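Model, not experiment: these values are computed from the prediction. Atom set for the values below is all heavy atoms of this structure, side chains included, hydrogens, waters and symmetry mates excluded.
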Amino acid sequence: MAKSVGIKPLGSRVLIKKLEAEEKSQGGIILTSSAKEKPQVAEVVAVGPGTKDEPMELKAGDKVVFSKYAGTDIKYDGEEYTLMNQSDILATVK
């Protein structure tokens, strides 16, 4: 279970922490920072209670794929997170 980070999303919002991008391509080529794709896979850190119209389907610890330009990046207690609407989460990853 993920630890509390001191940020509690409201409504149907989700707080995620992006997972690090791979440093090497599948062929083993080391990528420069400009060649790395912005990661679109993240771990859910905290979730809001949901709303009457949009119940919360996610929980802390879920790994998810999200829309590339969605959310608001925030820095809290030295860590970087993204706060977004649950509707910007495209899928969960097993």
task: Output the distance between atom CG (Asp73) and atom OG1 (Thr82), rounded to the nearest 0.5 Å.
output: 4.0 Å

Among Leu15, Val64, Ile89, side-chain contact (heavy atoms from CB on, under 4.5 Å) partner for Val44: Val64

Interatomic distance, Ile7 atom CD1 to Tyr81 atom OH [nearest 0.5 angstrom]: 6.5 Å

field: Gap separating the CD1 atom of Ile16 from the CD atom of Gln40, nearest 0.5 angstrom
entry: 10.0 Å

message: Using 0.5 Å steps for rounding, measure from the CG atom of Leu58 to the CE atom of Met56.
response: 6.0 Å

query: If you look only at pairs with a residue in residues 83-94, which of them pass as a side chain to side chain donor-acceptor pair (under 3.5 Å), with sequence neighbours excluded?
result: Glu54-Gln86

- request: Go through the structure and list residues passing side-chain hydrogen bond (donor to acceptor under 3.5 Å, both in side chains) with Asp62, not counting sequence neighbours.
  value: Lys59

- prompt: Are the side chains of Val47 and Pro9 in touch, meaning some heavy atoms are under 4.5 Å apart?
  reply: no

field: Shortest non-hydrogen contact from Gly6 toward Tyr76
entry: O-OH, 3.9 Å

statement: The reported gap from CD in Glu57 to OG in Ser12 (rounded to nearest 0.5 angstrom) is 10.5 Å

message: I'd like to check the side-chain hydrogen bond (donor to acceptor under 3.5 Å, both in side chains) partners of Lys17; sequence neighbours left out, ordered by chain and number.
response: Glu79

message: Give me the atom names and distance for the closest heavy-atom approach of Gly11 to Thr51.
response: CA-CG2, 3.9 Å

